[in-house]
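As structure tokens, the structure follows; a few thoughts come after it.
Nothing here was measured: the structure is a model prediction, and the numbers come from that model. Just so we're on the same page: letters track the sequence lines, and every chain starts at 1.
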2 protein chains.
Amino acid sequence: MKNGPDIARVAALIGDPARANILTALMAGKALTATELASEAGVTAQTASSHLKRLLDGGLLRLRGQGRHRYYSLSGPDVAATLESLMGLAAGHGHLRTRTGPKDAKLREARVCYNHLAGTRGVQMYRSMIQRELLSEAGDHVTLTDRGHGFISSFGIDLSAPTRSKAPLCLGCLDWSARETHLAGRLGRAMFAHMEDRDWITRGIGSRHVQFSALGQEMFEQWFPV
Amino acid sequence: MKNGPDIARVAALIGDPARANILTALMAGKALTATELASEAGVTAQTASSHLKRLLDGGLLRLRGQGRHRYYSLSGPDVAATLESLMGLAAGHGHLRTRTGPKDAKLREARVCYNHLAGTRGVQMYRSMIQRELLSEAGDHVTLTDRGHGFISSFGIDLSAPTRSKAPLCLGCLDWSARETHLAGRLGRAMFAHMEDRDWITRGIGSRHVQFSALGQEMFEQWFPV
DNA sequence: CCAATGCTTCGACTATGATCGAAGGATGAA
DNA sequence: TTCATCCTTCGATCATAGTCGAAGCATTGG
């Protein structure tokens with residue numbers, strides 16, 4: 001009857017509350033064990049196991065077994081992007097899971113999205129880098145310019161390190177709260193990790209919120225002015 | 001337990017096969033009546049009615065009543081963008097509804113996506129306009145440059161006509177097949193309509209496929225060179 | 001007014017799948 | 001080896017919601 005990709009299958013996969021909780025928890029980018037995800041989703045280990053199997057079969061998750069632990073993570077940035085897009089729809093039409101509170105405002109300001117910075121802070125960083133032509137956009141492809149390479153190495157990140165990852169260096173990711181692009185991809189993750197190492201930012205425990213330290217606040221404005 | 005938008009609600013809404021068919025049918029951009037959608041979805045009128053009610057309540061659809069007909073359409077470009085994103089996931093993970101056939105190849109080349117041009121043709125048009133600086137990208141916002149305004153009016157579209165629409169003039173939409181951006185928004189729709197008026201393109205009946213005429217082929221290459 | 005069409009509501013049936021208890025396999029620690 | 005932890009599989013229960021037949025509104029046309 002119809003042709004094209006089977007959208008219902010994927011959507012139904014995301015459409016269960018327990019599975020949606022699991023996926024949302026994994027948006028933070030860290031790989032989590034099955035039991036951790038069970039508690040995140042608010043179901044027993046058995047139930048979570050069956051959900052994880054389905055998500056795995058559906059290609060949304062990736063599994064790495066380490067000893068008796070099984071670590072699950074999102075299978076790729078495209079999954080994260082789709083989830084953000086769905087969040088945008090849900091938020092735009094006023095279906096917030098909980099009432100909009102101070103926590104939401106914090107999330108809107110800075111949060112982690114699959115290991116890179118999202119929220120107004122993330123958008124600010126992206127805009128700043130675009131404005132100064134450290135990044136350039138062509139179509140949907142974002143690339144690091146020559147000036148950008150210099151900037152990044154002076155920022156303290158070594159991009160020349162060998163990598164076996166085939167993931168794109170730069171990737172635009174649509175922000176559900178700000179409705180603008182922020183930087184994802186390997187570079188986005190590296191910059192996030194770097195700021196974490198320098199104690200500019202700390203992750204909220206059990207939350208996607210990102211807290212800027214006083215130093216971080218100052219440095220961020222200095223490196224990424226509008 | 002969790003915070004943020006209620007993603008499961010929206011995803012579950014899209015996750016039913018009948019509703020997914022309805023939404024996919026509406027991706028073509030035209031408003032369709034309840035009975036038309038019922039036949040598209042392959043269910044009876046009663047069933048479709050209940051689905052349409054739910055989609056309406058969920059904010060995914062928009063309703064305009066005309067006489068005894070009720071015309072349903074997608075509530076906005078953000079909905080279309082999310083659907084495309086889901087298609088990308090589904091296609092990427094190999095869940096095609098039907099076997100990949102010639103029809104799919106045609107769809108990949110040129111199709112209508114919420115009343116604007118998508119597929120490799122759509123991407124080509126977008127790239128061409130970006131390259132020649134008729135469009136400029138800043139973050140997620142796409143804007144028509146001064147040169148772009150000149151180009152559009154020589155193309156034969158009058159943008160000075162008064163509009164009560166608050167929809168953005170330019171909007172990037174991620175293509176599920178090409179995985180690049182193509183032009184959506186009011187301008188994207190206007191350009192599509194213009195090419196339709198000039199018989200450069202015709203829509204496939206009951207399909208999202210777009211057929212280029214010989215004239216259209218030639219003109220398209222002339223106006224949007226790579 | 002009546003008849004026809006488009007659409008929705010109601011009610012009942014049914015199936016899918018979400019859930020958890022219990023049990024079993026796998027790994028690591030002692 | 002023995003025990004504990006992590007995780008999965010099996011089986012049974014139960015609720016949600018997708019489906020359609022029948023009936024009821026609403027609108028149009030004669």
Q. To the nearest Å, how far apart are A/Lys53 NZ and D/dC10 P?
A. 9 Å
Q: Considering just the side-chain nitrogens and oxygens of A/Arg70, establish if one lies under 4.0 Å of OP1 or OP2 belonging to C/dA26.
A: no
Q) NA contact type, A/Ala45, heavy-atom cut-off 4.0 Å: base, sugar-phosphate, or nothing? A) base
Q | A/Gln124, A/Arg121, A/His116 screened by side-chain hydrogen bond (donor to acceptor under 3.5 Å, both in side chains) with A/His182, the one that passes | A | A/His116
Q. Looking at D/dT8, D/dC7, D/dG18, which one has an atom nearest to any side-chain atom of B/Asp16?
A. D/dG18
Q: Under 4.0 Å between any heavy atoms, over every strand shown, what does B/Ala18 touch: base, sugar-phosphate, or nothing? Just pick one.
A: sugar-phosphate
Q.
Counting only side-chain heavy atoms from C-beta out, which of C/dC7, D/dG21, C/dC20 sits nearest to B/Gln46?
A. D/dG21
Q: Return no unless some side-chain N or O of B/Arg19 is found under 4.0 Å from OP1 or OP2 of D/dG18.
A: yes
Q | A/Arg198 to A/Phe155 six-membered ring, cation-pi geometry met (6.0 Å, 45°) | A | yes
Q.
Please determine whether a side-chain nitrogen or oxygen atom of A/His51 lies at a distance below 4.0 Å from atom OP1 or OP2 of C/dT19.
A. yes
Q. Do side-chain atoms of A/Ser213 reach the backbone of A/Ile201 as a donor and acceptor pair under 3.5 angstrom?
A. no
Q. Which nucleotide in the list D/dT8, D/dT19, C/dT19 gets nearest to the side chain of B/Val43?
A. D/dT19
Q. Whole Å only: how far is the CG atom of B/Leu56 from the P atom of C/dT9?
A. 11 Å
Q.
Can you see if the side chain of A/Arg54 gets near the phosphate of C/dA18 - specifically, an N or O under 4.0 Å from OP1 or OP2?
A. yes
Q) Can you check the A/Arg64 CZ to D/dC7 C1' distance for me, whole Å? A) 18 Å
Q: Quickly work out the B/Leu52 CG to C/dT9 C1' distance and round it to whole Å.
A: 14 Å
Q: Whole angstrom is fine here: how far is it from CD1 in A/Ile22 over to C1' in C/dA18?
A: 12 Å
Q) What integer distance in Å separates A/His69:NE2 from C/dA29:C1'? A) 12 Å
Q. Using a cut-off of 4.0 Å on non-hydrogen atoms, how would the nucleic acid contact of A/Tyr72 be classed: base, sugar-phosphate, or nothing?
A. sugar-phosphate
(Q) Between B/Arg208 and B/Glu109, does any side-chain N to carboxylate O distance fall below 4.0 Å? (A) no
Q.
Has B/Arg111 got a side-chain atom pairing as donor or acceptor with B/Lys106's backbone, closer than 3.5 angstrom?
A. no
Q | OP1 or OP2 of C/dC20 under 4.0 Å from side-chain N/O of A/Thr47 | A | yes
Q) For the side chain of A/Thr35, counting heavy atoms from C-beta on, which of D/dC7, D/dG21, D/dG18 is nearest? A) D/dC7
Q: May I ask you to verify if any side-chain N or O of B/Ser49 is less than 4.0 angstrom from the OP1 or OP2 atom of C/dT8?
A: yes
Q.
Rounding to an integer number of Å, can you tell me how far A/Leu63 CG sits from C/dA26 C1'?
A. 14 Å
